[in-house]
Chemist: 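Let me begin by handing over the structure; questions about it come next.
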Number of protein chains: 2
Amino acid sequence: MTSSDPETDAGPGPDFPDAEGRGAAGPGANLPALRGHNAALVLGLLRSAGEEGVSRLELAAHTGLTPQAVSKITARLRAEGLAAEAGRRASTGGKPRTVLRLVPGARHAIGLHLDRDELTAVLADLAGDAVAERRAPLAFEAAAAQVLATVEREVAALRAEAGGPPVVGAGVACPGPLDHTAGVLHRVTGAPQWDGFPLRDALAERLGLPVVLDKDTNAAALGLAQRPPDGAGSFAYLHLGTGLGAGLVLGGGLHRGPRTGAGEFGHQILQLDGPRCGCGQHGCVEALCLAAVARGDLPGAARVLGVAAANLVELLDIDRVLLGGRTVLENPDGFLTGVADVLAAQARTRGRTGTAVPVSLAVGGARAVADGAAQLVLAPLFGPGNPGLAARGHRPGAG
Amino acid sequence: MTSSDPETDAGPGPDFPDAEGRGAAGPGANLPALRGHNAALVLGLLRSAGEEGVSRLELAAHTGLTPQAVSKITARLRAEGLAAEAGRRASTGGKPRTVLRLVPGARHAIGLHLDRDELTAVLADLAGDAVAERRAPLAFEAAAAQVLATVEREVAALRAEAGGPPVVGAGVACPGPLDHTAGVLHRVTGAPQWDGFPLRDALAERLGLPVVLDKDTNAAALGLAQRPPDGAGSFAYLHLGTGLGAGLVLGGGLHRGPRTGAGEFGHQILQLDGPRCGCGQHGCVEALCLAAVARGDLPGAARVLGVAAANLVELLDIDRVLLGGRTVLENPDGFLTGVADVLAAQARTRGRTGTAVPVSLAVGGARAVADGAAQLVLAPLFGPGNPGLAARGHRPGAG
DNA sequence: TGCGCTTTGGCAACAGCGTTGCGAAAGTGG
DNA sequence: CCACTTTCGCAACGCTGTTGCCAAAGCGCA
């Protein structure tokens with residue numbers, strides 16, 4: 001569990017299947033854990049409130065805690081500089097409520113997007129807004145040492161540029177496949193030397209920061225989850241670029257799967273005995289969709305994507321579908337209406353006329369993945385229901 | 001929220017999108033909650049240990065709590081009759097460890113399976129084992145009052161039969177669609193009078209017990225999750241009877257979706273422009289699969305099911321696929337090998353030779369759904385990661 | 001202007017949680 | 001028989017959110 005403890009678990013007695021299988025038997029909670037839980041909960045509500053702020057009593061009502069407890073918690077948060085009083089609400093007959101707000105600049109987080117040919121690095125504040133950004137060409141196929149050096153240089157430049165508040169960690173988003181639990185890359189197509197490379201720990205050591213590693217689509221989905229289009233508790237982010245992938249947010253949390261394999265959306269088979277796909281199977285969405293794009297049949301491509309999205313909606317009962325990626329952005333309206341049409345037709349066959357799952361374009365543009373990567377380390381600060389992983393490497397709570 | 005508190009939430013200030021959208025902002029935790037959390041955690045480990053038992057120090061190691069804390073917690077559990085000492089382990093040089101075991105008979109739970117033509121009711125102990133069972137014909141299409149009366153009568157007979165320990169609640173499994181959050185049925189095909197009926201609250205009042213309502217496939221999946229074939233943190237239960245449905249257990253928890261709509265597996269489209277399905281779409285798995293069965297093409301049916309399962313494995317990164325349902329059980333080997341073949345082929349195309357996701361038959365037989373229904377109320381007793389819903393209606397902790 | 005009323009929010013005392021310190025109990029091995 | 005190891009509970013402790021109480025701050029009516 002801790003940094004220097006292999007946890008051999010070789011003691012006598014039964015072997016608990018849940019030791020690693022599922023949520024690792026959920027850690028037992030003590031008072032510090034309880035304190036952290038509530039503090040994170042309050043921080044999460046402060047973030048949701050944004051500029052508008054929240055009063056102590058509203059926090060109490062939403063957390064279920066006593067007003068007194070909220071007072072104590074917010075006092076600690078203010079002492080740490082994470083929250084501040086900001087004006088007061090109109091009175092409702094008595095003393096007016098004091099409005100509390102998150103102080104976004106109190107901490108920073110680094111988001112890194114390692115793409116095949118480019119590195120995007122952002123420094124984000126607690127609200128998730130980027131306060132600085134850098135881009136650099138990157139040869140992802142090159143030697144690992146060179147990539148690490150580039151990252152280290154850019155991060156140093158970023159921190160020098162914006163300086164100031166403590167940095168809580170760095171989130172790293174890569175093309176898959178990889179293992180977010182171990183922080184290790186797997187066989188990235190076209191870059192065999194990365195197979196098995198412990199990127200998370202290597203970067204944690206070089207940066208002197210806690211690091212979290214995840215797939216690029218997962219990071220993008222996590223970033224989108226922080227800016228709910230209208231309150232997205234469950235949604236799917238479908239990314240159609242040179243390939244097709246997905247990030248799944250279920251019940252407010254990112255679903256990664258035990259091997260970080262979830263969201264492999266491109267090779268869903270949509271046409272039994274369909275055309276052969278590069279992956280060796282037949283009738284994959286990705287192959288069907290990209291083939292349609294290649295021959296200029298955009299409505300056809302959108303329809304294929306829509307059917308796959310409809311399958312996903314049906315299977316997982318999600319609230320919303322978000323589209324992104326280069327190919328989508330070349331013709332956003334075409335894809336949006338095409339997918340929406342399929343989902344509307346699906347809703348009709350289910351007797352839910354007028355309540356089709358909405359489709360929209362993922363906001364954020366080219367920086368979406370890097371912004372989401374920063375959320376990999378920011379999200380855990382804002383409480384449960386907020387996904388993310390306990391960052392590994394160096395001391396947590398750095399700074 | 002509570003029975004006598006409308007909680008209008010009409011105060012000034014921002015409207016939190018997470019108030020209901022996602023995990024309801026996660027409740028704030030106080031000391032009783034902490035105590036309950038840890039007690040449930042320990043109970044869960046005791047259940048996992050089964051007959052073999054666990055020592056206090058092993059519990060401490062697995063929870064991360066201090067041995068002293070475990071001693072206090074287990075002392076409380078023993079005082080409540082939920083746990084007991086049962087022998088001791090061999091010494092490793094000092095005082096031998098005392099083995100603790102769950103006392104399964106300390107509490108009971110009722111599991112109800114309301115099928116179209118039959119009611120199955122079980123009384124299960126804490127280990128999930130049925131101590132009593134009753135079956136009765138049921139006209140699910142009949143008037144609600146008649147169905148409720150039948151349920152009440154059977155439950156009373158069941159409790160009279162096995163008597164004894166307090167009953168913690170009743171889990172009710174129905175064919176969908178329904179809303180497990182509100183405990184309300186939706187338009188069940190062939191039984192329009194149930195649409196909008198608050199079955200959970202009606203039963204809670206008549207039985208005088210907390211009641212949890214869920215779909216039959218979800219209950220079955222939950223039941224299977226308690227008896228891990230080898231430690232299933234994530235799996236899909238595919239039920240092929242007169243229709244095709246699924247129950248999804250992701251990361252140890254049942255994934256229901258915000259509208260209890262998850263697991264609608266039958267109408268995944270697998271063949272664009274395929275044969276028309278009764279649902280109005282084309283190329284649904286259910287239609288393809290059942291058509292193959294009807295014409296005696298079992299390998300074909302198994303292959304179709306296998307492809308759909310492979311899509312699911314790919315999308316969600318699950319550990320295991322379990323098959324059940326009348327149609328499968330008529331030819332288990334055929335379906336098992338057929339599905340396994342497709343998954344093996346998929347694993348090969350992904351370069352994971354020899355590590356295909358295993359397929360097996362869901363155990364439990366005709367009583368599986370009723371057993372799982374009991375788990376709807378039992379699972380929450382055993383800690384987080386254990387899904388289930390806070391039962392509504394009457395006092396929780398009844399008895 | 002003055003007073004009562006309502007609402008907010010902090011100080012102090014409190015009950016209860018897991019933790020720490022220490023000693024009794026119960027074995028093994030020389 | 002004694003030294004040693006390991007298990008496990010009692011007692012004191014620090015820290016959590018809670019409760020009781022009171023000051024502060026505004027509204028509204030006389």
Chemist: Write down the distance between CZ (Arg97(A)) and P (dT6(C)), rounded to a whole number of angstrom.
Modeler: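 Atom-to-atom, Arg97(A) to dT6(C), this comes out as 16 Å.
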Chemist: Apply the side-chain contact (heavy atoms from CB on, under 4.5 Å) test between Asn38(B) and each candidate in Leu65(B), Leu43(B), Thr63(B); give the one that qualifies.
Modeler: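 The single option meeting the side-chain contact (heavy atoms from CB on, under 4.5 Å) with Asn38(B) is Leu65(B).
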Chemist: Which nucleotide wins on minimum distance to the side chain of Ile73(B), given the candidates dG10(C), dC8(D), dG18(C)?
Modeler: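 Nucleotide nearest to Ile73(B)'s side chain: dG18(C).
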Chemist: Mind running side-chain contact (heavy atoms from CB on, under 4.5 Å) on His255(B) and His255(A) for me, showing each step along the way?
Modeler: CA-CA 11 Å; His255(B) 175 66; His255(A) 175 66; over 6 Å; no
Chemist: What's the shortest heavy-atom distance between Val54(B) and Ala49(B), and which atoms?
Modeler: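 Taking every non-hydrogen atom into account, CG2-CB, 3.2 Å.
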Chemist: Looking at every strand, decide which applies to Pro67(B) at a 4.0 Å heavy-atom threshold: base, sugar-phosphate, or nothing.
Modeler: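 No contact.
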Chemist: For a side-chain contact (heavy atoms from CB on, under 4.5 Å) check, start with the C-alpha distance between Glu58(B) and Arg89(B), then their side-chain angles and the critical distance, and finish with the verdict.
Modeler: CA-CA 12 Å; Glu58(B) 288 155 8; Arg89(B) 212 49 72 60; 2.8 Å; yes
Chemist: For Leu59(A) and dG17(D), give me the distance from atom CG to atom C1', rounded to whole Å.
Modeler: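 Atom-to-atom, Leu59(A) to dG17(D), this comes out as 16 Å.
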Chemist: For Ala29(A) and for Glu85(A), locate the closest nucleotide of DNA chain C by heavy-atom distance; then report the residue assigned to the nucleotide nearer the 5' terminus.
Modeler: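 Counting from the 5' end, the first nearest nucleotide belongs to Glu85(A).
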Chemist: Of Thr181(B), Asp179(B), Asn218(B), Asp214(B), which is the lone residue that meets side-chain hydrogen bond (donor to acceptor under 3.5 Å, both in side chains) with Arg256(B)?
Modeler: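 Option passing the side-chain hydrogen bond (donor to acceptor under 3.5 Å, both in side chains) with Arg256(B): Asp214(B).
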Chemist: For dG9(C), does either OP1 or OP2 sit under 4.0 Å from a side-chain N or O belonging to Thr98(A)?
Modeler: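 For dG9(C), OP1/OP2 do have a side-chain N/O of Thr98(A) under 4.0 Å.
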Chemist: Can you see if the side chain of Asn30(A) gets near the phosphate of dC17(C) - specifically, an N or O under 4.0 Å from OP1 or OP2?
Modeler: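 Indeed not, no polar side-chain atom of Asn30(A) lies that close.
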Chemist: Identify which nucleotide among dT18(D), dG9(D), dG18(C) has an atom closest to any side-chain atom of Arg78(B), counting heavy atoms from C-beta outward.
Modeler: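 Nearest to the side-chain atoms of Arg78(B), counting from C-beta on, is dG9(D).
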Chemist: Side-chain donor or acceptor of Gln68(A) under 3.5 Å from a matching atom on the base of dC11(C)?
Modeler: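 Pair found.
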Chemist: Within the modelled atom types, does a donor on one side and an acceptor on the other bring the side chain of Lys95(B) and the base of dT28(C) under 3.5 Å apart?
Modeler: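 A donor-acceptor contact between them is absent.
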Chemist: Could you give the CZ-to-P distance, from Arg76(A) to dG10(C), as a whole number of Å?
Modeler: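 Result: 13 Å.
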Chemist: How many angstroms lie between OG in Ser55(B) and CZ in Arg88(B), if you round to the nearest 0.5 Å?
Modeler: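 With rounding to 0.5 Å, OG (Ser55(B)) is 12.0 Å from CZ (Arg88(B)).
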Chemist: Side chain of Ala69(B), heavy atoms from C-beta onward: which of dG18(C), dT7(D), dG17(D) has the nearest atom to it?
Modeler: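 Nucleotide nearest to Ala69(B)'s side chain: dG18(C).
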Chemist: Between atom CG in Leu57(B) and atom P in dA26(C), what is the gap in whole Å?
Modeler: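 Going from CG in Leu57(B) over to P in dA26(C) covers 17 Å.
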Chemist: May I ask you to verify if any side-chain N or O of Arg35(B) is less than 4.0 angstrom from the OP1 or OP2 atom of dA15(C)?
Modeler: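 Arg35(B) to dA15(C) OP1/OP2: no side-chain N or O under 4.0 Å.
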Chemist: Quick one: on DNA chain C, does Lys72(A) or Gly64(B) contact a more 5' nucleotide (nearest heavy atom)?
Modeler: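 On the 5' side of the pair lies Lys72(A).
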Chemist: Would you mind classifying the nucleic acid contact of Leu31(A) as base, sugar-phosphate or nothing, using non-hydrogen atoms under 4.0 angstrom?
Modeler: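 Answer is base: heavy atoms of Leu31(A) come under 4.0 Å of a base.
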Chemist: Would you indicate, yes or no, if dG18(C) has its OP1 or OP2 atom less than 4.0 angstrom from a side-chain nitrogen or oxygen of Thr66(B)?
Modeler: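 Thr66(B) to dG18(C) OP1/OP2: no side-chain N or O under 4.0 Å.
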Chemist: Among dC17(C), dT19(C), dT18(D), which nucleotide sits nearest the side chain of Leu65(A)?
Modeler: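 That would be dT18(D).
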Chemist: What's the closest nucleotide to the side chain of Ser71(B) if the choices are dC8(D), dG27(C), dG17(D)?
Modeler: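 Of all the options, the side chain of Ser71(B) is nearest to dC8(D).
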Chemist: Is Arg88(A) near enough to dT8(C) that one of its side-chain N or O atoms lies under 4.0 angstrom from OP1 or OP2?
Modeler: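 For dT8(C), OP1/OP2 do not have a side-chain N/O of Arg88(A) under 4.0 Å.
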Chemist: Send over the distance from His37(B) NE2 to dG16(C) C1', rounded to a whole Å.
Modeler: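 Whole-Å distance recorded here is 17 Å.
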Chemist: Please report, rounded to the nearest Å, how far the P atom of dG9(C) is from the CZ atom of Arg89(A).
Modeler: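 Taking CZ of Arg89(A) and P of dG9(C), I get 10 Å after rounding.
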Chemist: Between Asn38(B) and dC17(C), is there a side-chain N or O to OP1/OP2 distance below 4.0 Å?
Modeler: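 Checking Asn38(B) against dC17(C): no side-chain N or O falls below 4.0 Å of OP1 or OP2.
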Chemist: Atom CZ of Arg56(A) to atom P of dT18(D): distance rounded to whole Å?
Modeler: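 Arg56(A) atom CZ is separated from dT18(D) atom P by 16 Å.
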